[in-house]
Structures are given as structure tokens and as C-alpha cells.
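Keep in mind the model is a prediction, meaning the values are calculated, not measured. A note on names: the letters A, B, ... follow the listed sequences, proteins ahead of strands, and every chain is numbered from 1.
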2 protein chains.
Amino acid sequence: MPLLTTGKAAEEAGVGRETLRFYEREGLIEKPIRGNSGYRQYPPETIARVRFIRRAKELGFTLNEIRDLLALSDPPNAECAQFRAHAKSKIEEIRSKIGKLRKVERALSSLVDTCERSGTPQKCPILDALED
Amino acid sequence: MPLLTTGKAAEEAGVGRETLRFYEREGLIEKPIRGNSGYRQYPPETIARVRFIRRAKELGFTLNEIRDLLALSDPPNAECAQFRAHAKSKIEEIRSKIGKLRKVERALSSLVDTCERSGTPQKCPILDALED
DNA sequence: CTACACCCTGTAGTATACTACAAGGTCAAG
DNA sequence: CTTGACCTTGTAGTATACTACAGGGTGTAG
């Protein structure tokens, strides 16, 4: 059973029914084919795409940024040079995000360390973690 | 000049004037002291705090999550054991975020690679990057 | 062939995080 | 001592991303 109705597809993708319609309106997923009743029939690729959207959102990407990200993997990819430039700037953005998260992680770890050694947490450089 | 008025403080922190008032209402920053005119006077610590909030938001944390993160560094930190548990779960969350971002980064890099070798980009596993 | 769960459309409402405005007070320069 | 940039409050509006109806059609189990 490769094709799913809205309810099943939403459950599989981990979002609400209305979210699928919303993403369709927003052009984030393809309009699914319809049965003769007019019911939407979602292919597994769309489910995978929605799952990706959900996770990317948790990583701090907006729907517009996710649209860009998805466009990078969607054929046809017009100009290769243009594509590379776009992809590379996205990669840079992601690396910077990773670097910043690592700083927050280190700050929290050092807080836990201090706390484990001294028995009480000290005031600590979480705020410094994300300075320029 | 350690104390700044709303306009200057907002500029320093990289947010709008109204955002400072908003964060104050939301309890994300302390109510600043007031001059005899009633003007707010922000200390540098508040500016640092707002900068942190701004960056953390870019990393996909909501204001409520940021409130939690900031609470971890604010004295008094009540129970050490409780504090450690809280901090450690935040660290885990951040590590998972980093792992996922790395997967997206790798997927994009492989796309760029393929494109550089073949001259045209192929369809590629960006979608697979964030699977469970 | 009647329930009842599910689907359709369109529209309206919500939560989050600002952002803009109106109506007025303050302060420093010329 | 006026002008203009800045500040105050409260309230209202916006963008993003859903979320919840209302009013109606569909499909299958008993």
C-alpha cells in the first residue's frame, strides 16, 4: 500500500492533517493525486519530505529556508555553478550553527562539572557561549 | 558609561527598542532601573543577555527554551542534583541538534561533490539526512 | 441501508515573537 | 526657550506556522 490518505499520511509523517494541506498550499510538498472520491493519495516520498521539514524546523530553519534546502535536492537544478554557490553558502550557515551549538554545549558541560566538583553550581559563562 | 537608554541598548544588542520592552514584559531580562525622568537605564549584563537570546533563537530555541537555558546560569540554583539533571538533558538535546545539522551538512557537501565531478547535480539524499 | 469514521473546501482562530503607532513627557543644542 | 530627537505607556497590528471549525460528501461494516 504505497498511497496513503490524509489521516494516515499525517500520522506517518508526525504532523496534523491540516498541516499537510497547509504545506500543499505553501508549495512545500507536491499536490497529491486524488482518487475518484476526491480524496488525496500521498506517495511515500511526500511523507519523507514532510518528516524532513519537521526535523529541519527543530533545527531552527524557517519554512522558507527549508523550501530553499529542498529546492537544492529537487531536479531540475538549472545551473551547476549557481547551485554550488547556493549549496556552499548553506553549508557555511550550517557549520556556523554547529559551532555555536557546541559553544552552548561546552558552557553547559562546564557548569555541570563545576557543580559536580563543588557541590553547588556557580554562576557561569552560558551568556559568553554565543558572543561574537 | 555603563548604563544605556533604550535606543542605545537596543542598538548594542542588535534588536529593536520594542523588543527590549517585550523581553522585559516576558521576564526574559530584568526590569532596568529608571532615571528620575522615568527613562530605562540598561546595564551591560542585560545587553549581553539579549545578545545571547538573539543568537539562541537563530539556533532554533524558542523563547521558553531560552528562558530555561538562562535559568541554568542564574543564581540561585537551588538543588545541585536537580540542576545537573536539567543541564544534562539540555546538553543531550543540543548534541542531538548538532548531529542532525552535521547530517544535513554532509548531504549538502555530497551534492556539491557530485556536481563538481559530473558537471550537473544529481538528485541526492538531503531528505535522508534527517531520518530517524 | 444506516451508522460512523473519514475525507473535502473555505474560512477563522491561535501561539509565538515581535513591530508599529498614538498621545504625551524629557532633554540637549542653538 | 523652542525645536527635535529621544523616551514613556498602552494598545493594536503583522508574519509565521499552524489548528480548529462549519457544512457537506464518501466509504465501509454490520
*Asks:* Inspect the contact between B:E105 and A:R95 and indicate whether a charged nitrogen and a carboxylate oxygen are less than 4.0 angstrom apart.
*Replies:*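 Result for this pair is yes, salt bridge flagged.
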*Asks:* Can you tell me the distance, in whole Å, between the CG atom of A:L20 and the P atom of D:dT19?
*Replies:*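 These atoms are roughly 12 Å apart.
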*Asks:* Has A:K57 got a side-chain N or O lying under 4.0 Å from the OP1 or OP2 atom of D:dC18?
*Replies:*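 Checking D:dC18 against A:K57, a side-chain N or O does come within under 4.0 Å of OP1 or OP2.
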*Asks:* Between A:Y23 and D:dC18, is there a contact of a side-chain N or O with OP1 or OP2 at under 4.0 Å?
*Replies:*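 Yes, such a contact exists.
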*Asks:* Specify the separation, in whole Å, of atom CD1 of A:I66 and atom C1' of D:dC18.
*Replies:*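 A:I66 atom CD1 is separated from D:dC18 atom C1' by 13 Å.
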*Asks:* Do A:I53 and A:V15 come close enough that some side-chain heavy atom pair is under 4.5 Å?
*Replies:*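 Result no, sub-4.5 Å side-chain heavy-atom pair not found.
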*Asks:* For the backbone of A:R25 and the side chain of A:K31, can you confirm whether one donor and one acceptor N or O come within less than 3.5 Å of each other?
*Replies:*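 No, A:K31 side chain to A:R25 backbone: no donor-acceptor pair under 3.5 Å.
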*Asks:* A cation-pi test, strictly: NZ or CZ of B:K90 under 6.0 Å from the centre of the six-membered ring of B:F61 and no more than 45 degrees from its axis. Yes or no?
*Replies:*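 Negative - B:K90 is either too far from the ring of B:F61 or too far off its axis.
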*Asks:* For a quick test of reading the model: is some side-chain N or O of A:T6 closer than 4.0 Å to OP1 or OP2 of C:dC8?
*Replies:*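 Yes, A:T6 has a side-chain N/O under 4.0 Å of OP1/OP2 on C:dC8.
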*Asks:* When you measure from the side chain of A:N64, which nucleotide among C:dT9, D:dT16, C:dC7 comes out closest?
*Replies:*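 Of the candidates, D:dT16 comes closest.
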*Asks:* With nearest nucleotide decided by heavy atoms, which residue, A:T19 or A:N36, maps closer to the 5′ end of DNA chain D?
*Replies:*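 Whichever sits nearer the 5' end wins; that is A:T19.
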*Asks:* Take atom CD1 of B:I53 and atom P of C:dC18, then tell me their distance rounded to the nearest Å.
*Replies:*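 B:I53 atom CD1 is separated from C:dC18 atom P by 9 Å.
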*Asks:* Could you check how far CG of A:L63 sits from C1' of D:dC18, rounded to whole Å?
*Replies:*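 These atoms are roughly 9 Å apart.
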*Asks:* Mapping A:S37 and B:Y42 to their closest nucleotides on DNA chain D, which lands nearer the 5' end?
*Replies:*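 Here B:Y42 is the residue nearer the 5' end.
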*Asks:* Output the rounded distance in Å from CD (B:E58) to P (C:dT16).
*Replies:*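 Answer to the nearest Å: 21 Å.
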*Asks:* In terms of the nearest nucleotide of DNA chain C, which residue is placed more toward the 5' end: A:Q41 or A:R25?
*Replies:*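 Counting from the 5' end, the first nearest nucleotide belongs to A:Q41.
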*Asks:* Assess whether a salt bridge exists between A:R21 and A:E24, defined as any Lys/Arg side-chain N lying under 4.0 Å from an Asp/Glu carboxylate O.
*Replies:*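 Salt bridge absent between A:R21 and A:E24.
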*Asks:* Does a nitrogen or oxygen in the side chain of B:T5 sit under 4.0 Å from OP1 or OP2 of D:dC6?
*Replies:*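 B:T5 to D:dC6 OP1/OP2: no side-chain N or O under 4.0 Å.
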*Asks:* Give a yes/no answer on whether the side chain of B:R34 brings an N or O atom under 4.0 Å of OP1 or OP2 in D:dT9.
*Replies:*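 Answer yes for this pair, as a side-chain N or O of B:R34 is under 4.0 Å from OP1 or OP2.
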*Asks:* By nearest atom, which of the nucleotides D:dT19, D:dG27, C:dA17 is closest to the A:F22 side chain?
*Replies:*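 Of all the options, the side chain of A:F22 is nearest to D:dT19.
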*Asks:* Tell me: NZ of A:K8 to C1' of D:dG27, nearest whole Å?
*Replies:*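 Whole-Å distance recorded here is 16 Å.
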*Asks:* Rounded to whole angstrom units, what separation is found between the CD atom of A:E65 and the C1' atom of D:dA17?
*Replies:*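 The answer, rounded to whole Å, is 14 Å.
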*Asks:* Output the rounded distance in Å from CG (B:L4) to C1' (D:dC6).
*Replies:*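 Spelled out: CG on B:L4 to C1' on D:dC6 is 14 Å.
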*Asks:* At what distance, to the nearest 0.5 angstrom, does CG of A:D68 lie from OG of A:S89?
*Replies:*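 Going from the CG atom of A:D68 to the OG atom of A:S89 covers 9.0 Å.
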*Asks:* According to a strict under-4.0 Å criterion, is A:R40 in side-chain N/O contact with OP1 or OP2 of C:dC7?
*Replies:*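 For C:dC7, OP1/OP2 do not have a side-chain N/O of A:R40 under 4.0 Å.
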*Asks:* So, does the side chain of A:R21 form a donor-acceptor pair with the base of C:dG10 at under 3.5 Å?
*Replies:*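 Such a pair is found, so the answer is yes.
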*Asks:* Which nucleotide in the list C:dC6, D:dA17, D:dG10 gets nearest to the side chain of B:E18?
*Replies:*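 Per side-chain heavy atoms of B:E18, the pick is D:dG10.
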*Asks:* At under 4.0 Å between heavy atoms, what does B:G16 touch on the DNA or RNA strands: base, sugar-phosphate, or nothing?
*Replies:*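 The answer is nothing, as B:G16 stays clear of every strand by at least 4.0 Å.
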*Asks:* OP1, OP2 of D:dT19 versus side-chain N and O of A:R17: anything below 4.0 Å?
*Replies:*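 Answer no for this pair, as no side-chain N or O of A:R17 is under 4.0 Å from OP1 or OP2.
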